[in-house]
Amino acid sequence: MKIKAFFFFAVISISPCFAQTDHAQIAKILNQFIVGTQYNYPDSIAMAFHPGTRMFLYNGTDSAYFMTSEEYAALYGRRAPGTLNNRPSKIIGIEIVRDVAYAKLEIDIPSFGNRYHDLLLLKKILGQWKIVGKATSAGPIPKAPEAFTPNPAKEVVLAGLNKPWSMAFISENDVLIAEKDGSLLRVNLETKERKAISGLPKDVARAVEIDTAKFEKGIFPNSLHGKTLSANAGWFQVLLDPSFDQNNYVYISYAAENKARASTTKVIRGKLIGNELKEVETLFVAEPYVHGLYHYGGGMIFGKDGKLYITIGERNFFEYMNPEVPVAQDVKDKRGKVIRINSDGSIPKDNPDFGSDAVQGLYTIGIRASQGLTIHPETGDIWFSEHGTNQGDELNILKPSANYGWPNVTTGSYRTDYQPKAIPEATFTDPLYSWDHTVAPTGLTFYLGSEFPLWKGNLIVPGLSKGSLWRMVVDGDKIISAEELFINSRVRLRKAVVSPAGQLYLLSDEEDGKLIRVFNGKR
């Protein structure tokens with residue numbers, strides 16, 4: 001008897017400690033509601049609500065579809081009590097402000113393919129918490145991580161392109177493709193119809209028969225004597241004006257030649273009317289015209305500032321062709337630089353100051369041969385690829401006034417025993433990333449599509465050497481991993497580009513060039 005009495009008084013003395021908190025009471029009401037919907041107990045559902053509560057349900061439209069809590073509970077009376085519904089549910093948040101609370105539930109209904117979120121308003125009435133409002137939203141059920149694991153595959157969308165160099169989307173299926181050794185094409189990706197654009201300049205540099213005896217040693221490698229080829233010359237970048245829908249301006253970079261068949265990098269723009277380029281005007285010419293068919297650069301991009309950035313190669317095949325002050329280091333020479341101009345060819349007033357003798361439009365120096373430019377989707381920084389000689393391929397972020405070092409600094413080696421003369425007080429910018437083998441990186445892009453969710457924000461870098469394609473995980477201004485794709489089906493690649501709808505395309509650098517779509521074989 002004494003033991004029973006002691007137990008009774010002990011329970012009485014500690015019972016206040018077991019009083020439920022508001023959070024626990026709310027969780028109990030929510031779980032009562034969840035169990036009612038999962039096992040078809042309409043009374044449990046109705047008891048969780050204040051009588052007559054209006055709830056707004058998801059109906060896939062922008063209209064307001066509502067019913068009372070009693071009507072909603074009755075929906076679960078159509079099956080025998082205790083029958084399990086396949087709708088995994090959980091509480092993912094509770095917030096309490098005095099006698100009012102907000103809760104969020106997550107419910108998956110696989111038969112509908114949707115994940116629903118219930119936003120619930122609760123009120124403490126006469127000491128008891130009740131749901132007094134409910135609104136529901138829905139979206140597709142996210143796939144499990146293993147379902148997102150990419151399985152990249154390739155399909156040829158177009159063939160028969162003449163060494164395609166770049167591509168610009170007027171719309172998802174209406175594109176411009178610049179063929180290095182061909183023309184500028186307007187292509188319908190649905191019908192595969194292609195039309196050559198008329199009105200292009202006539203001074204594009206074409207293939208020449210090489211007689212090394214006619215030129216200074218090093219202009220052409222001796223191994224090319226007697227061969228006819230265009231090497232790096234031809235049409236390069238095709239680029240739409242940021243306001244193309246209003247002004248129809250198209251920008252083209254290319255290798256232009258004079259009557260002596262010396263050549264240089266040139267940038268023009270014109271208005272695309274139908275399939276004709278009209279009102280063509282020259283924006284920039286990288287004089288001097290020199291012989292040789294290498295390292296023109298020709299990459300272009302509009303920055304977030306609305307300015308046009310152009311890469312100009314240093315043009316030397318062998319390093320020893322440089323004068324005492326290498327052309328890429330000489331601010332009085334346009335070669336081996338990145339140029340920044342306004343869309344009409346004028347010079348921005350906020351360009352870096354390289355001195356009174358510097359060429360107009362100079363933005364950075366120390367560039368050997370850069371073709372690819374792309375914009376980081378979050379930071380707005382311009383990233384660019386650069387070709388080395390033996391190794392020395394790099395990725396960099398474009399900075400005003402920066403000196404990227406060529407030919408005085410390289411992560412690779414030279415083709416000859418060249419030793420550049422030191423440049424006093426020069427400060428060189430280290431590459432963001434470099435390879436330990438030759439890649440010849442070209443037209444890179446950031447991936448923003450939905451086909452490969454785990455690739456979002458990754459950098460896609462194609463290469464000419466051995467036909468490599470790289471996926472790089474980027475964290476701010478750092479590359480934290482690099483993966484080579486398609487190692488068993490390599491093809492020389494000139495350009496990677498993402499369409500307005502997020503499709504990833506590649507251009508292969510071949511006489512029978514191809515437009516290739518990369519898709520997820522798991523989908």
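These values consider heavy atoms only, across backbone and side chains, with no hydrogens, waters or symmetry-generated copies.
Side-chain atoms of N162 and K180 form no donor-acceptor pair, as typed in the model, at a separation below 3.5 Å. With no hydrogens or angles considered, a side-chain donor-acceptor pair links E172 and S499 at under 3.5 Å. Between the side chains of K154 and S489, at least one donor N or O lies within less than 3.5 Å of an accepting N or O. No side-chain N or O of S243 forms a donor-acceptor pair with one of N247 less than 3.5 Å apart.
A salt bridge between D305 and R340 is present, with a side-chain N of the basic residue lying under 4.0 Å from a carboxylate O of the acidic one. Electrostatic pairing of E287 and K334 counts as a salt bridge here, judged by a charged N lying under 4.0 Å from a carboxylate O. By the 4.0 Å N-to-carboxylate-O rule, D333 lies close enough to R335 to be salt-bridged with it.
In this structure a side-chain-to-backbone donor-acceptor pair under 3.5 Å is missing from N342 to G345. When atom types are taken as modelled, the side chain of K337 and the backbone of V327 share a donor-acceptor pair closer than 3.5 angstrom. Checking side-chain atoms of R517 against main-chain N and O of E155 turns up no donor-acceptor pair under 3.5 Å. Under a 3.5 Å cut-off, the side chain of N520 and the backbone N or O of N151 do form a donor-acceptor pair. One N or O on the side chain of R269 and one on the backbone of S343 form a donor-acceptor pair closer than 3.5 Å. No donor-acceptor pair closer than 3.5 Å links the side chain of N173 to the backbone N or O of L189. The backbone N or O of D512 sits less than 3.5 Å from a side-chain atom of K514, completing a donor-acceptor pair. In this structure, D381 contributes its side chain and I397 its backbone to no donor-acceptor pair below 3.5 Å. Counting only distance, with no hydrogens or angles, the side chain of R494 and the backbone of K163 share no donor-acceptor pair below 3.5 Å. With hydrogens and angles disregarded, no donor-acceptor distance shorter than 3.5 Å links the side chain of D108 to the backbone of P110.
Ring to ring, Y309 and F384 are not that close: their centroids are 6.0 angstrom or more apart.
Looking only at side-chain heavy atoms (C-beta outward), I268 and L200 stay at 4.5 Å or farther from each other. Put simply, the side chain of Q391 does not reach to within 4.5 Å of the side chain of D436, judged on heavy atoms. Two residues are said to be in side-chain contact when any heavy atoms from C-beta on lie closer than 4.5 Å; F452 and V518 meet this criterion. When side chains are defined from C-beta on, E319 does not count as touching P326, because their heavy atoms never get closer than 4.5 Å. No side-chain heavy atom of S370 sits under 4.5 Å from any side-chain heavy atom of H387. Put simply, the side chain of Y418 reaches to within 4.5 Å of the side chain of N322, judged on heavy atoms. A 4.5 Å side-chain heavy-atom check between F446 and I375 finds every atom pair outside the cut-off. Side-chain contact between D509 and T442: absent, with no pair of heavy atoms (C-beta onward) separated by less than 4.5 Å.
Annotation: cation-pi pair R315/Y296 present, NZ/CZ under 6.0 Å from the ring centroid and within 45° of its normal. Taking the ring centre of Y249 as origin, the terminal cationic atom of K271 falls inside the region bounded by 6.0 Å and 45° from the ring axis.
Remark: N222 CG is loosely packed, at most 12 non-hydrogen atoms of other residues, nucleotides or ligands lying under 6.0 Å away. Within a 6.0 Å sphere centred on CD of E216, other residues, nucleotides and ligands contribute 12 heavy atoms or fewer. Other residues, nucleotides and ligands place more than 12 heavy atoms under 6.0 Å from the NZ atom of K192.
Here CD of E386 is found 5.5 Å from CD of E394. Values are rounded to the nearest 0.5 Å. Note that CD of E209 is 10.5 Å distant from CZ of R261, once rounded to the nearest 0.5 Å. Note that NZ of K195 and CD of E276 are 14.0 Å apart. Values are rounded to the nearest 0.5 Å. Distance CG/L224 to CG/L293: 9.0 Å, rounded to 0.5 Å. A distance of 8.5 Å separates NE2 of H437 from CG of D393, quoted to the nearest 0.5 Å. Rounding to the nearest 0.5 Å gives a distance of 10.5 Å between CZ of F519 and CD of Q503.
By the 30° and 60° cut-offs, the orientation of the rings of F215 relative to F220 is perpendicular. Relative orientation of the W435 and Y433 rings is perpendicular, given thresholds of 30° and 60° on the angle between their planes. Taking the six-membered ring where the residue is Trp, W165 and F236 present tilted rings, their angle falling between 30° and 60°. Between F302 and Y251, the ring planes lie perpendicular to each other; the angle is over 60°, past the 30° to 60° tilted range. A tilted orientation is assigned to the rings of W383 and H376, their planes being inclined by 30° to 60°.
Scanning all heavy atoms of the two residues, the minimum distance from R194 to G160 falls at NH1-O, 3.8 Å. Taking both residues in full, the closest heavy atoms of I479 and L395 are given as CD1-CD1, 3.6 Å, listed atom of the first, atom of the second, then distance. Taking each heavy atom of P352 and S401 in turn, the nearest pair found is CB-OG, 3.1 Å. Contact between A260 and H291 at its shortest, heavy atoms only, is O-CE1, 3.0 Å. The two atoms that bring T411 and G392 nearest to each other are OG1-CA, 3.2 Å, heavy atoms only. Scanning both residues, L454 and N458, for their nearest heavy atoms gives O-OD1, 3.9 Å.
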- request: Carefully, step by step, assess L176 and L272 under the rule side chain to side chain contact (heavy atoms under 4.5 Å, CB included).
  value: CA-CA 11 Å; L176 297 175; L272 184 64; 4.0 Å; yes

- request: Would you please test D350 and K307 for salt bridge (Lys or Arg N to Asp or Glu O under 4.0 Å) and show each step?
  value: CA-CA 11 Å; D350 60 347; K307 309 304 180 184; 5.3 Å; no

task: May I have the step-by-step check of salt bridge (Lys or Arg N to Asp or Glu O under 4.0 Å) for R115 and E106, ending in yes or no?
output: CA-CA 7 Å; R115 169 167 289 174; E106 182 178 278; 3.7 Å; yes

- request: List the steps and the verdict of side chain to side chain contact (heavy atoms under 4.5 Å, CB included) for D174 and R186.
  value: CA-CA 7 Å; D174 185 11; R186 187 165 188 170; 2.7 Å; yes

task: Run the numbers on N403 and N408 for side chain to side chain contact (heavy atoms under 4.5 Å, CB included), then give the verdict.
output: CA-CA 10 Å; N403 184 340; N408 294 72; over 6 Å; no

- request: Please assess D417 against Q419 for the test side chain to side chain contact (heavy atoms under 4.5 Å, CB included), listing each intermediate value before the final yes or no.
  value: CA-CA 6 Å; D417 59 357; Q419 291 295 325; 6.0 Å; no

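Checking each of I341, I301, V338, L283 against I310 for a side-chain contact (heavy atoms from CB on, under 4.5 Å) leaves exactly one that passes, namely I341.
Annotation: side-chain hydrogen bond (donor to acceptor under 3.5 Å, both in side chains) contacts involving residues 352-365, sequence neighbours excluded, are absent.
By the side-chain hydrogen bond (donor to acceptor under 3.5 Å, both in side chains) test, H225 pairs with T212, sequence neighbours left out.
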